[in-house]
Amino acid sequence: MRSARSALMRRAIELSVANVRSGKGGPFGAVVAREGRIIAEGVNRVTSTLDPTAHAEMIAVREACRALGRVHLTGCEIYASCEPCPMCLGAIYWARLDRVFFAGSRADAARAGFGDARIYDELALPAGSRAIPIQQLLRGEALAAFREWKRRPDRVEY
C-alpha cells in the first residue's frame, strides 16, 4: 500500500509542477483516490478562473463527488502536493474523506509566498476581534429556512 500511496502523491506533485509550467495556476495539485485508483484530480486555478476557492483540493473534491454521484467521499483519500489550507480542510471534512496525505507543509508554502498563517491566526480569535468585521444580523428571520428544512421529509442529509 505504501508504494501505491507514494505513486498517488507523486501524481499530485506532478500535477502541481505541470500547472506551474502551464502558467494557468499556482503550484498545487491534488488527487482523490479510492482503493488505490484515482477518482479525480485537481490543480490550482485561482488566477486563471478568477475564483479564490479554485484550490487544487477543492477542484479534486468537487470532481470526485460528481464522478461518484454523491456528496460524501467516504472510502476515499486525498493526496495533496501541499498541506491543505483551512478552506480546503473544511471541504475535506464536509466531504468526509477517510484520510489526507500531503507533501509540502504550510511553512513551505509560506516561504513560496502562499501564507495561510493569517487565516489560522484569525480563526483563533473571537469573531469581534478579527481583521474582517463579522456581525450577526436578522438571526430570527434566518431561522425560518432551518424550520422549513427540518419539515421536509425528502431532505438529503449532509
Side-chain angles (χ1 to χ4, degrees), residues 1-135 149 155-158:
M1 186 62 145
R2 187 173 293 269
S3 65
R5 287 184 173 152
S6 293
L8 291 164
M9 183 58 76
R10 283 190 182 96
R11 177 63 182 153
I13 294 167
E14 178 183 291
L15 289 167
S16 70
V17 172
N19 200 47
V20 172
R21 290 180 180 158
S22 76
K24 294 180 180 176
F28 304 99
V31 169
V32 173
R34 182 174 62 181
E35 297 174 359
R37 283 189 19 255
I38 294 174
I39 303 299
E41 298 179 336
V43 293
N44 180 280
R45 292 281 189 242
V46 169
T47 56
S48 64
T49 62
L50 303 177
D51 178 357
T53 70
H55 290 199
E57 298 93 332
M58 299 291 285
I59 291 171
V61 165
R62 289 172 186 153
E63 292 302 317
C65 288
R66 278 193 271 277
L68 296 175
R70 53 190 171 115
V71 297
H72 294 143
L73 297 175
T74 319
C76 298
E77 302 172 330
I78 190 164
Y79 296 79
S81 65
C82 190
E83 185 175 355
C85 75
M87 174 185 66
C88 293
L89 197 55
I92 288 164
Y93 274 92
W94 277 112
R96 300 182 186 174
L97 285 139
D98 288 359
R99 188 173 286 192
V100 178
F101 296 95
F102 66 91
S105 70
R106 65 174 120 159
D108 298 326
R111 283 190 290 278
F114 297 93
D116 297 332
R118 178 180 68 97
I119 299 170
Y120 285 103
D121 292 345
E122 287 283 309
L123 291 173
L125 297 173
S129 301
R130 295 179 184 160
I132 297 174
I134 298 174
Q135 183 178 351
W149 172 256
R155 72 181 180 265
V156 178
E157 302 286 343
Y158 61 94

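Numbers here are sequence positions counted from 1. Hydrogens, waters and symmetry mates are skipped; everything else that's a heavy atom, side chains included, is used.
Atom CZ in R111 sits 5.5 Å away from atom OG in S105 (nearest 0.5 Å). Interatomic distance, I119 CD1 to R130 CZ, rounded to the nearest 0.5 Å: 11.5 Å. Annotation: the span from L15 atom CG to E41 atom CD amounts to 4.5 Å, rounded to 0.5 Å. Distance check: C76 SG to R99 CZ gives 13.5 Å after rounding to the nearest 0.5 Å. Rounding to the nearest 0.5 Å gives a distance of 11.5 Å between OG1 of T47 and NZ of K24. Taken to the nearest 0.5 Å, the CG atom of L97 stands 6.0 Å off from the CD1 atom of I78.
R106 forms a cation-pi arrangement with Y120, by the criterion of a distance under 6.0 Å to the ring centre and an angle within 45° of the ring axis.
Between R34 and E77 no salt bridge is recorded (no basic side-chain N to carboxylate O distance below 4.0 Å). Residues R118 and D121 are not paired through a salt bridge, judged by the lack of any N-O separation under 4.0 Å between the basic side chain and the carboxylate.
For an aromatic pair to be called close, the ring centres must be under 6.0 Å apart, and F102 with Y79 fails this.
Judged purely by atom type and a 3.5 angstrom limit, E122 uses its side chain to pair as donor or acceptor with the backbone of A131. At distances below 3.5 Å, at least one donor-acceptor pair connects side-chain atoms of T49 with backbone N or O atoms of R45. At distances below 3.5 Å, at least one donor-acceptor pair connects side-chain atoms of D98 with backbone N or O atoms of G75.
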Dump the intermediate steps for side chain to side chain contact (heavy atoms under 4.5 Å, CB included) on V46 and H55, then the final yes or no. CA-CA 6 Å; V46 169; H55 290 199; 3.6 Å; yes
Side chain to side chain contact (heavy atoms under 4.5 Å, CB included) for I38 and V32? Distances and angles first, verdict last. CA-CA 6 Å; I38 294 174; V32 173; over 6 Å; no
Stepwise side chain to side chain contact (heavy atoms under 4.5 Å, CB included) test for T53 and R62: CA-CA 11 Å; T53 70; R62 289 172 186 153; 3.3 Å; yes
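When the options C85, C82, C88 are evaluated for a side-chain contact (heavy atoms from CB on, under 4.5 Å) with D116, the one that passes is C85.
Taking all atoms of both residues into account, the shortest heavy-atom contact from L123 to P86 is CD1-CB, 4.0 Å. Heavy-atom minimum distance, I59 versus G42: CG2-CA, 3.8 Å. V156 and W149 get closest at one heavy-atom pair: O-CH2, 3.4 Å. The minimum heavy-atom distance linking N19 with S22 is given by the pair O-OG, 2.8 Å. Nearest heavy atom pair, residue M9 against residue A80, reads SD-O, 3.4 Å. What you find for P27 and S81 is that their closest heavy atoms are O-OG, 3.8 Å.
More than 12 non-hydrogen atoms from other residues, nucleotides or ligands lie less than 6.0 angstrom from CZ of R70.
L73 has its side chain within reach of C65: a pair of non-hydrogen atoms, C-beta onward, lies under 4.5 Å apart.
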